[in-house]
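Residue numbers begin at 1 in each chain, while the letters A, B, ... track the order of the sequences. This is a predicted model, so every value here is computed, not measured.
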There are 2 protein chains.
Amino acid sequence: MTQQTQGARRAPLSRERVLDAAVALADEAGINTVSMRNLAQHLGVTPMALYKHVANKEQLLDGMVDVVIGEIEPPSPSGDWRPAVRNRILSARRALRRHPWASRVIESRTTPTPVVLGYMDSMIAMFRGGGFSVDLTHHVMHALGSHLFGFSQELFDTSISLDPDVHAAALSQRSDTYPHLVEIASGAAHDQSAAGPGCDDQFEFEFALDLLLDGFDRLRRQGWSPPGRPRTQEAV
Amino acid sequence: MTQQTQGARRAPLSRERVLDAAVALADEAGINTVSMRNLAQHLGVTPMALYKHVANKEQLLDGMVDVVIGEIEPPSPSGDWRPAVRNRILSARRALRRHPWASRVIESRTTPTPVVLGYMDSMIAMFRGGGFSVDLTHHVMHALGSHLFGFSQELFDTSISLDPDVHAAALSQRSDTYPHLVEIASGAAHDQSAAGPGCDDQFEFEFALDLLLDGFDRLRRQGWSPPGRPRTQEAV
DNA sequence: ACCTGAACACCGTTCAAGT
DNA sequence: ACCTGAACACCGTTCAAGT
């Protein structure tokens, strides 16, 4: 829509142009349309021209993630760790929501890029600066998980409790098959103050985030330290 | 390894045989080797024969997830919701860990199957039976997210703080680039009571799980109820 | 009625051949 | 030295043709 395909043909290809075009294409037509061949066509070049700027498709996807992570606002210089962390994560969420494909692509990455490492490093710095021990910061970063990047594991959450289809199907056909699920779905639905299909994603995200931050804060205040020597050896 | 490829040729194809073969193939050779064509070859049939038993590849993946979910132990008839939920989730984790490809495939599903809905319904039942309100149960299920299925968003966690490669690379080359990340990695590494590459996944999982369950329990005891009327209208 | 070979419209990537 | 066309080894899926 907002991105022009023609006219771009003249500018020399660069890694940045390739990545920006890939992000724009994914935004407009979905991540499935981002193939090396299709992206090349959109840029008016031959597929192999892309390989001058990205080693392979994996690196293309890494670069696309970097573009999105780059949109996250830098840490506010606030003195209090809790609102600072909270705001940064909510900024990450806004960036991720601008690019609906991004959370899925982030999930699929196996090794972090320097940009991602930098983001994590700065998040760690916020906890350390807020008085968290090295050990507690470590566990806290793990516990945040995908919240770090502004998304919770949505799985099919939106379809579970609130997608009109599933909702209707559940209520009509299978209230005897999944009685508890239907009860939850109904409960969410009759609260019509929530926006959209019956459930407020933003509320759910902040609910979980604040629950975690509350827990972190409690452990920090209690001076949490790792449990005794012998941890779980092997869990299988 | 444990699965025979030859000899299976005689038994008539069935949905169950197709799914079991797909799971075994993914376990042995990775999810990337599970293509309709390759799976068919392993079963000694033509690719199109599979389409008699699964509508398409998406349904094949759905069925594979169902096989894994089916391995989760049923709820223990315990009276106390907390250990019951905890044990069930740890059972889910054990099932998922037997099939390393499963968490990624679960993440990629867009609509839940009846088997998945049944699992969620029974989890909801445990909270409701434990005295959680409909609303609180709803949020609690969202907050659990991927923990419901026994995995946290691992992202590249194992590589972040503890993969020998990243660890060594970080420590040697980039302690000035990612100082806080390196501090966390070192902290985890010098605690050699942890198993494996320097970080105990099981410990991290249980740390986050117990943090969430603590939070849930606190809200339940406090008689949590939804905040006032006007929620976030639209967050973008 | 059941099964399947060939074909279609794609992939990511290599590599030798063009300019 | 730079770029690229054709080719390779794959995909998921359709569909008409075989038995």
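- As rounded to whole Å, 10 Å separates atom P of dT4(D) from atom NZ of Lys52(A).
- Distance, Asn38(A) CG to dA9(C) P: 16 Å, rounded to whole Å.
- Across dT13(D), dG5(C), dG5(D), the shortest atom-to-atom separation from the side chain of Thr46(B) is found for dG5(C).
- Atom pair Leu13(B):CG and dC3(C):P shows a separation of 9 Å (rounding to whole Å applied).
- Counting to the nearest Å, the P atom of dT13(C) and the NZ atom of Lys57(A) are 8 Å from each other.
- Using atom P as the reference point in both dC8(D) and dG18(C), the two lie 16 Å apart (nearest Å).
- Using N1 to N3 plus N6-O4 or O6-N4 for Watson-Crick, or N1-O2 and O6-N3 for G-U wobble, each under 3.5 Å, dG12(D) pairs with dC8(C).
- Of the listed nucleotides (dA6(C), dG12(D), dT14(C)), dT14(C) has the atom at the smallest distance from the side chain of Met48(A).
- The gap from the P atom of dA9(D) to that of dA9(C) amounts to 22 Å, rounded to the nearest Å.
- For the pair Asn32(B) CG and dC11(C) P, the computed distance is 18 Å after rounding to whole Å.
- The distance from the CE atom of Met123(A) to the CZ atom of Arg128(A) is 14.5 Å, given to the nearest 0.5 Å.
- Which of dG12(D), dA6(C), dG12(C) sits closest to the side chain of Arg37(A) comes down to dG12(C).
- For dC3(D), there is no paired nucleotide, since no Watson-Crick or G-U wobble pair has both relevant distances below 3.5 Å.
- Side-chain atoms of Asp121(A) come within 3.5 Å of backbone N or O of His180(B) as a donor-acceptor pair.
- Between the side chain of Ser35(B) and the backbone N or O of Asn38(B) there is at least one donor-acceptor pair closer than 3.5 Å.
- Within 4.0 Å (heavy atoms only), Met36(A) reaches sugar-phosphate atoms of the nucleic acid but no base atom.
- Atom pair Leu50(B):CG and dG5(C):C1' shows a separation of 15 Å (rounding to whole Å applied).
- Using a distance-only test at 3.5 Å, with no hydrogens or angles considered, no donor-acceptor pair links the side chain of Ser91(B) to the main chain of Ile72(B).
- Atom-to-atom, CG of Leu39(B) to P of dC10(D) comes out at 16 Å; the value is rounded to the nearest Å.
- Here dG5(D) presents its C1' atom at 15 Å from OH of Tyr51(A), a figure rounded to the nearest Å.
- For Arg15(B), the side-chain contact (heavy atoms from CB on, under 4.5 Å) partners are Leu19(B), His53(B), Val54(B), Gln59(B), not counting sequence neighbours.
- Checking dA17(C) for Watson-Crick or G-U wobble geometry (two distances, each under 3.5 Å) identifies no partner in any strand.
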